[in-house]
Novice: 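Here it is: the structure, laid out below.
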Amino acid sequence: MELAPFEQKNWGSSRLSSPVPPLCRTQQCCLGIDEAGRGPVLGPMVYGICFCPLSKKQDLEELKVADSKTLSEAERERLFEKLDSLKEYLGWALQILSPNVISTSMQQRVKYNLNALSHDTAIALIQYALDSGVQLREVFVDTVGPAEKYQEKLQERFPELEVTVKPKADALFPIVSAASICAKVARDYAVKHWKFLEDLEDVNLDYGSGYPNDPKTKEWLAKNLDPVFGYPQFVRFSWSTAQSILDSRAVPIRWDDSDGHEKASSKGSQSMLAFFGLKKDDMRRPAHRFFQERKLETARDL
Amino acid sequence: PDQWVLIARDSLLELPKKPGDGTFFTRLRNPSTGEGALFLFSSCAQQLFEIKVFNEDYHSWFIGQTVQHDGRLFFATPMDALFLILYYLIKAEKEQGKFQPVDQVIVDEEFPSSHILLQCTQAVQSLHHVTEEKEIGSKKFYKYNKEKTLKWLKKKVVQTVKALKTNNVCVGSAVQSSTFIRSRQILDVTEEDYTRYAHGLISEYIPEDLSADLLKY
Amino acid sequence: LLPCEIQYNGHAAVDKYFIPTI
């Protein structure tokens with residue numbers, strides 16, 4: 001799998017896709033969506049879609065892609081090569097969400113949690129297939145959050161399609177399993193070939209499973225923590241494992257909106273009288289507007 | 001902390017000709033509030049600079065390969081030392097009301113560096129703008145004169161108005177960002193707006209009573 | 001000048017983590 005566009009800009013989001021088979025533009029198709037790398041604290045999350053004509057569903061079943069979870073990395077890669085060779089009737093597309101995109105989305109001021117990000121990514125991929133001329137009829141998706149609500153959301157967005165959201169969809173629907181293979185292979189590759197943007201010396205990729213409860217992963221995080229800058233962008237800062245190590249070992253940093261919570265809680269414990277007394281600063285004549293507007297003050301001392 | 005970020009003229013960094021003659025910070029009495037404030041004297045105390053600080057919450061500096069927690073940005077801007085001397089002249093007038101040598105006027109136990117103001121030759125040479133002078137022998141004696149001071153301050157206000165216009169400072173009632181450039185001139189800004197604004201700025205450097213008198217003037 | 005307050009004075013690996021861009 002060739003992920004050069006993502007490798008070069010692995011702090012953003014990248015879309016990769018196969019050419020759309022002509023058959024998919026003329027026959028009614030099914031599309032499966034699955035993800036890879038939701039749980040780890042390291043590396044990107046990948047959303048994959050696969051689509052093929054309804055008439056080719058049986059061919060996919062015969063490929064036995066449904067057992068993808070039991071496969072090794074090498075076996076998955078072989079299966080992907082097989083899928084990719086079915087260019088006449090099978091197409092795929094991937095959306096790679098870098099750890100940086102995941103972190104910044106989840107930590108932005110207007111809440112945008114991982115489920116919302118996942119839903120939007122899936123919707124964008126379906127739309128991509130439609131925009132590319134694929135004659136979509138059926139969509140099969142693994143659950144992200146409550147299945148019914150997700151199905152409702154997708155159905156409302158795409159009323160012309162038949163949407164099925166089910167847990168363990170990759171075991172039930174070969175087209176979803178095919179998408180799962182594509183997503184997993186992409187994630188494996190992206191992690192293996194990760195180029196650290198940061199100029200780090202002797203960083204190794206022996207981070208264990210990458211899951212937050214893996215002691216080896218935690219050790220890797222602690223070892224690669226910079227007290228001012230935190231982690232390399234390989235890490236999902238928004239994961240609570242990453243955050244708790246930062247809280248205990250990094251220098252404290254305050255932002256413009258940091259005090260919002262502190263002020264709210266401290267005001268509750270203040271006496272009402274505190275708001276009515278004149279403080280010493282209030283008794284000083286206020287500075288001229290010129291200085292106030294520019295946040296300039298007289299320096300009393302260094 | 002032993003490090004701060006300051007914007008100042010290059011000339012303030014020149015090495016002094018003699019040890020002890022270099023640029024230095026000191027606290028002097030702010031003539032408007034009467035409280036201590038930070039000032040800077042150039043080499044040999046020839047020029048006085050006021051120190052203003054850009055102080056917004058939640059800032060720090062990267063300086064080379066270091067972090068400086070203190071995110072303030074200091075500015076050293078030249079100012080007319082006569083404003084500071086004026087404070088003492090007015091005080092002397094209120095307390096004693098007689099002609100005195102200027103080195104006896106600028107005495108401040110709380111801010112002992114204030115005598116250094118006497119080294120600002122340009123300000124000392126301009127004392128006649130705000131005082132009546134008498135010369136006995138070779139010695140000069142000064143007494144605060146309100147009328148002369150108001151005339152001098154008016155010139156300051158006029159100069160400030162010119163500077164406000166040249167620098168496109170927004171003096172109207174509408175609040176706008178200093179980086180916002182309007183495509184059309186605001187037509188409702190009057191000469192009076194400029195004068196009031198300039199008066200307000202000058203008032204940052206004079207006692208409140210004098211500011212009120214200046215406004216009437 | 002940073003848009004946050006870092007409660008620390010000392011070394012920071014600025015070159016490694018920070019790419020100034022115009």
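Predicted, not measured: the structure shown is a model, and the values here were computed from it. So you know, we letter chains A, B, ... as the sequences are listed, proteins then strands, and number each from 1.
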Novice: The criterion is side-chain hydrogen bond (donor to acceptor under 3.5 Å, both in side chains); which residues satisfy it with A/S13, sequence neighbours excluded?
Specialist: A/Q95

Novice: Just to verify, what does A/H119 make a side-chain hydrogen bond (donor to acceptor under 3.5 Å, both in side chains) with, not counting sequence neighbours?
Specialist: A/K153

Novice: Can you pull out the residues in residues 209-222 of chain A with any heavy atom less than 4.5 Å from chain C?
Specialist: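 The stretch does not come within 4.5 Å of chain C.
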
Novice: Should the heavy atoms of other residues, nucleotides or ligands under 6.0 Å from CZ of C/F18 be counted, would the total exceed 12?
Specialist: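 No, not enclosed.
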
Novice: Output the residues of residues 227-252 of chain A for which the shortest heavy-atom distance to chain C is under 4.5 Å, in residue-number order; output 'none' if no such residue exists.
Specialist: A/V228, A/F229, A/G230, A/Y231, A/P232, A/V251, A/P252

